[in-house]
Amino acid sequence: FATAPFQDGDQDAVLSDPAAAVTALVAGRAMTLALGAETQAMNLNGASAALLWIDERQGRLDTVTALVRRGTKPASAVPAAPALPRVTPAPEMPRDQIGEIGPTLPATIEAMAEAKACRADTAHFEGIQKEVQSARLDASAELWGMPCYVGAYNTGTRYFLTGPDGARPRVLSFSGTGEAEDILTNAEYSPHTRTLTQFAKGRGLGDCGVASTWTWTGRAFVLSEESVMGECWGANADRWPTTWRSRP
């Protein structure tokens, strides 16, 4: 099988016959990618088992749409994909209330054990300790973030939810497809989309790691999107496998 020729500015190759490509992947033992004079050999061990796993997970075994174990069952026998979870963002704040509340953490947060631990871990970076994040979520809730670690290409932030003027502070924990996270990496809150995003780089190039988005619903930050790339293969974040998605 072959790919369509690259056009100026193209980032992807398009398979001329996807069905033939899948058949070749199932039966083959090795594959060679070619672009002009450049070639790259790839071992196909495990490709058939991976595609069979996809068939099983999607309920396609023994149907005409199966990738590997095709049968005579019609496409209508494949169960419908589960509905995406709905995550509805809270209404956008009035324009005159959007923006940082202030550059200084409330004393109520500074007194917490978690905040003191962050201060201790960043004591050798006096400048970074002043990089406080803050945002008014609504009339009764404020979001505060403080740096908790600094690396070569990653900065960790711990977030706190409080009432007005830092009242009743509590530490936030963020759910994901893996373990919950208490400290987010390279994180930022957008008052316009009502989302808190993180981009945890596996290395400085940023071609592997975890990219997550949590949406403020008015009651909590709920996971709305996540993609993970465990191997550093030069893939941009928009090409990472999606591990979670939702609908508004």
Side-chain angles (χ1 to χ4, degrees), residues 81-110 112 114-115 118 128-149 153-201 206 209-229 236-248:
L84 295 177
R86 184 182 294 278
V87 179
T88 303
E92 186 173 347
M93 292 285 291
R95 288 185 176 275
D96 61 349
Q97 296 183 34
I98 291 178
E100 291 191 350
I101 303 169
T104 304
L105 277 176
T108 52
I109 294 178
E110 292 281 13
M112 299 179 71
E114 294 85 354
C118 288
I128 201 71
Q129 290 195 338
K130 298 178 181 179
E131 295 184 9
V132 172
Q133 298 182 33
S134 64
R136 184 174 289 104
L137 299 176
D138 54 46
S140 61
E142 297 174 354
L143 177 69
W144 294 87
M146 65 182 303
C148 277
Y149 73 82
Y153 42 83
N154 285 323
T155 298
T157 301
R158 185 182 287 279
Y159 286 93
F160 302 82
L161 187 67
T162 75
D165 301 319
R168 303 178 304 281
R170 63 182 177 89
V171 179
L172 289 178
S173 183
F174 300 89
S175 63
T177 56
E179 295 182 1
E181 299 182 70
D182 297 326
I183 297 176
L184 302 186
T185 306
N186 302 327
E188 184 178 17
Y189 172 72
S190 169
H192 301 288
T193 61
R194 302 296 241 156
T195 56
L196 185 61
T197 59
Q198 80 160 341
F199 181 42
K201 299 179 183 180
V210 180
S212 311
T213 300
W214 292 268
T215 298
W216 174 251
T217 63
R219 301 183 63 183
F221 280 99
V222 178
L223 182 69
S224 51
E225 187 175 350
E226 181 187 84
S227 57
V228 178
M229 184 64 180
N236 293 331
D238 58 358
R239 300 172 187 274
W240 295 357
T242 297
T243 50
W244 186 266
R245 58 196 178 105
S246 64
R247 54 180 175 151

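It should be emphasised that the depicted structure is a prediction, and the values quoted were computed from it without experimental measurement. All residue numbers in this chain count up from 1 along the given sequence.
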Open item on the list: Whether the side chain of D138 engages the backbone of A141 through a donor-acceptor N/O pair (distance < 3.5 Å, no angle test) should be reported.
Closed with: yes

TODO: Just jot down the side-chain contact (heavy atoms from CB on, under 4.5 Å) partners of N154, sequence neighbours excluded, or say none.
DONE: Y149, T185, N186, K201

Open item on the list: W214: which residues meet the ring pair (Phe, Tyr, Trp, His ring centres under 6.0 Å) condition with it, sequence neighbours left out?
Closed with: F174

Open item on the list: If you define the side chain from C-beta out and look only at heavy atoms, does anything of T215 sit under 4.5 Å from V222?
Closed with: no

Task: salt bridge (Lys or Arg N to Asp or Glu O under 4.0 Å) partners of E188, counting only residues at least two apart - done: none

TODO: Report the distance from atom CD of E226 to atom OG1 of T177, rounding to the nearest 0.5 Å.
DONE: 3.0 Å

Open item on the list: For the CG atom of L137 and the CZ atom of F221, what is their distance to the nearest 0.5 Å?
Closed with: 5.0 Å

- [ ] Return the set of residues passing side chain to side chain donor-acceptor pair (under 3.5 Å) with T104 (not counting sequence neighbours), or none when no residue passes.
- [x] none

Task: Value rounded to 0.5 Å, distance of CZ in R136 from CG in L143 - done: 12.0 Å

- [ ] First locate atom CD1 of I183, then atom CE of M146, and finally report the distance between them rounded to the nearest 0.5 Å.
- [x] 10.0 Å

- [ ] For F199, enumerate each residue passing the ring pair (Phe, Tyr, Trp, His ring centres under 6.0 Å) test, keeping only those at least two apart in sequence or located in another chain.
- [x] W240

Task: Spacing of E110 atom CD and L105 atom CG [to the nearest 0.5 Å] - done: 5.0 Å

- [ ] Verify the neighbour count for atom CZ of R95: are there more than 12 heavy atoms of other residues, nucleotides or ligands below 6.0 Å?
- [x] no

- [ ] Locate the shortest heavy-atom distance separating S224 from S246; write the atom from each residue and the value.
- [x] O-OG, 2.9 Å

TODO: For V87 and E225, run side-chain contact (heavy atoms from CB on, under 4.5 Å): C-alpha distance rounded to whole Å, both residues' side-chain angles, the deciding distance at 0.1 Å, then the answer.
DONE: CA-CA 10 Å; V87 179; E225 187 175 350; over 6 Å; no

Task: By side chain to side chain donor-acceptor pair (under 3.5 Å) - contacts of T217 (at least two apart) - done: none

Task: Under the side-chain contact (heavy atoms from CB on, under 4.5 Å) test, residues paired with T88 that sit two or more places apart - done: R86

Task: Validation row: D182, S173 side chains within 4.5 angstrom (heavy atoms) - done: yes

Open item on the list: For P147 versus C118, what's the shortest heavy-atom pair and its separation?
Closed with: O-CB, 3.7 Å

- [ ] For E131, enumerate each residue passing the side chain to side chain donor-acceptor pair (under 3.5 Å) test, keeping only those at least two apart in sequence or located in another chain.
- [x] none

Listed pairs under 3.5 Å, donor-acceptor, residues 158-172 side chains, sequence neighbours left out:
| from | atom 1 | to | atom 2 | distance (Å) |
| --- | --- | --- | --- | --- |
| Y159 | OH | Q133 | OE1 | 2.8 |
| Y159 | OH | Q133 | NE2 | 3.3 |
| T162 | OG1 | E142 | OE1 | 3.4 |

TODO: Working to the nearest 0.5 Å, report the span between CH2 of W216 and OG1 of T195.
DONE: 13.5 Å

- [ ] Please list, chain by chain and in numerical order, all residues satisfying side chain to side chain donor-acceptor pair (under 3.5 Å) with E181, sequence neighbours excluded.
- [x] Q198

TODO: Kindly write out the residues that satisfy side-chain contact (heavy atoms from CB on, under 4.5 Å) with S134, not counting sequence neighbours, or none if the list is empty.
DONE: E100, I101, W144

Task: With sequence neighbours excluded, residues passing ring pair (Phe, Tyr, Trp, His ring centres under 6.0 Å) with W244 - done: none

